[in-house]
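Heads up, the thing below is written out as structure tokens.
Counting starts at 1 for both ligands and their atoms, in listed order. Along the sequence shown, the residues carry numbers beginning at 1.
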Amino acid sequence: MSKPAYKRVLLKLSGEALMGDDPYGINRATIERTVADVAEVAKLGVELAIVIGGGNIFRGVAPGAQGMDRATADYMGMLATVMNALALADAMRHVGITARVMSAIGIEQVVEPYVRPKALQYLEEGKVVVFAAGTGNPFFTTDTAASLRGSEVSAEIVLKATKVDGVYTADPKKDPNATLYSSISFDEAIAKHLQVMDATAFALCRDQKLPIKVFSITKPGALMRVIMGEDEGTLVHV
Ligand SMILES: Nc1ncnc2c1ncn2[C@@H]1O[C@H](COP(=O)(O)OP(=O)(O)O)[C@@H](O)[C@H]1O
Ligand SMILES: O=c1ccn([C@@H]2O[C@H](COP(=O)(O)OP(=O)(O)O)[C@@H](O)[C@H]2O)c(=O)[nH]1
């Protein structure tokens, strides 16, 4: 059997990865499917750090957050990612994968705080590390958290699993004529304002020379194909 293309990766899962076709929240069948994909990769011996989003929960409360102070709403969003991280780690435990959740905001009775050397130790021990609460700061996104943590743990690549199967010339959900890039440079993605990730996340990865692969969260086998270095999704590179 061929070998994985990477030894250590940072996987960014949007809240969507737990939501499925529900309007919001956590869908049991969907989380199990996501975890089965992740488990397959972990069992190959690839060291996996995960940053989980919160859109699936935050969307449910967002109407009530209207008119709210932005920073306060963002803290609610970060707490949503903590809930997702707990659900994800628990689902991993069910399939025999040991996961550790680390939070960027202090919430010690619930999960341990993010301590970089500890995260590195877990990864070396073959445990999956789930980073919760994004960067711990309002006005950021979990995509930026993925770039940050990916850099901190020296991941070889950031794998962004999302609703679309790669980076397009325009938002494919809005423009039916948009075409898929097989690869694109950070500078071009930023200059063209391609919104698949925010500019802060792109810029951090560019500066750290940390490539990003954007691929579908729903396409069966896509994560494994990416891990094996096969042609899948879009590579964003320096
Ligand atoms: N140029 C583009 N290529 C691909 N996707 C794009 C592009 N511009 C905007 N998008 C949108 O970005 C989304 C991916 O971002 P993601 O962080 O997973 O979602 P969200 O933040 O909305 O939960 C896709 O759903 C897609 O519709
Ligand atoms: O470093 C961070 C990461 C996240 N968030 C908040 O948490 C929410 C959920 O994260 P995100 O939208 O990135 O999740 P996803 O779309 O990937 O599910 C965001 O909308 C922000 O309000 C934040 O304030 N700082």
By side chain to side chain donor-acceptor pair (under 3.5 Å) - contacts of Y114 (at least two apart): E152
From CA spacing to verdict: side chain to side chain donor-acceptor pair (under 3.5 Å), N84, N56: CA-CA 9 Å; N84 280 339; N56 60 316; 2.7 Å; yes
Worked check of salt bridge (Lys or Arg N to Asp or Glu O under 4.0 Å) between D187 and R206: CA-CA 8 Å; D187 285 336; R206 179 189 59 190; 2.9 Å; yes
Atom 3 (C) of ligand 2: the protein heavy-atom neighbour that sits closest, reported with distance to 0.1 Å: T141 C, 3.4 Å
Any residue meeting side-chain contact (heavy atoms from CB on, under 4.5 Å) with Q121, in chain and number order, not counting sequence neighbours: E125
Min side-chain heavy-atom separation P113-E108 under 4.5 Å: yes
Under 3.5 Å: N/O of D74 near N/O of ligand 2: yes
Heteroatom proximity flag, A73 to ligand 2, N/O under 3.5 Å: no
CA sep, side-chain torsions, deciding dist, call: E232, K213, salt bridge (Lys or Arg N to Asp or Glu O under 4.0 Å): CA-CA 9 Å; E232 185 68 49; K213 187 87 167 208; over 6 Å; no
Pair T141-T144, side chain to side chain donor-acceptor pair (under 3.5 Å): steps then yes or no: CA-CA 5 Å; T141 63; T144 301; 3.3 Å; yes
Atom 9 (C) of ligand 2: nearest protein contact (heavy atom, Å): G54 N, 3.8 Å
L123 and V153: CA distance, side-chain angles, deciding distance, side chain to side chain contact (heavy atoms under 4.5 Å, CB included) verdict: CA-CA 9 Å; L123 290 171; V153 303; 3.9 Å; yes
Non-neighbouring partners of R100 that pass side chain to side chain donor-acceptor pair (under 3.5 Å), sequence neighbours left out: none
Verify atom 19 (C) of ligand 2: protein non-hydrogen atom under 4.0 angstrom away: no
Sub-4.0 Å heavy-atom approach of K12 to ligand 2: yes
Which residue and heavy atom of the protein sit nearest atom 4 (C) of ligand 2, plus the separation: F140 O, 3.7 Å
Contact bool for atom 12 (O) of ligand 2 (protein heavy atom, d < 4.0 Å): no
Sub-4.0 Å heavy-atom approach of P138 to ligand 2: yes
Any N/O pair T135/ligand 2 closer than 3.5 Å: yes
Side chain to side chain, L10 and L159, heavy atoms closer than 4.5 Å: no
Side-chain heavy-atom pair T169, Y181 within 4.5 angstrom cut-off: yes
Ligand 2-proximal atoms of A145, by part, heavy-atom distance under 4.0 Å: neither
Proximity of N137 to ligand 2 by residue part, where a heavy atom lies under 4.0 Å: backbone
Residue pair D231 / S182, side-chain donor-acceptor N/O under 3.5 Å: no
T142 N/O under 3.5 Å from ligand 2 N/O: yes
Check: A133 N/O within less than 3.5 Å of ligand 2 N/O: no
Neighbouring protein residues of ligand 1 - any heavy atom closer than 4.0 Å: S14, R59, D143, K160, T162, K163, V164, G166, V167, Y168, A170, D171, P172, K173, L194, Q195, V196
Lys/Arg cation over aromatic F131: R149, 6.0 Å, 45° cone: yes
Sub-4.5 Å side-chain heavy-atom contact between E47 and E156: no
Under 3.5 Å: N/O of F58 near N/O of ligand 2: no
Residue, atom name and distance, where the atom is the protein heavy atom closest to atom 8 (C) of ligand 2: G77 CA, 3.6 Å
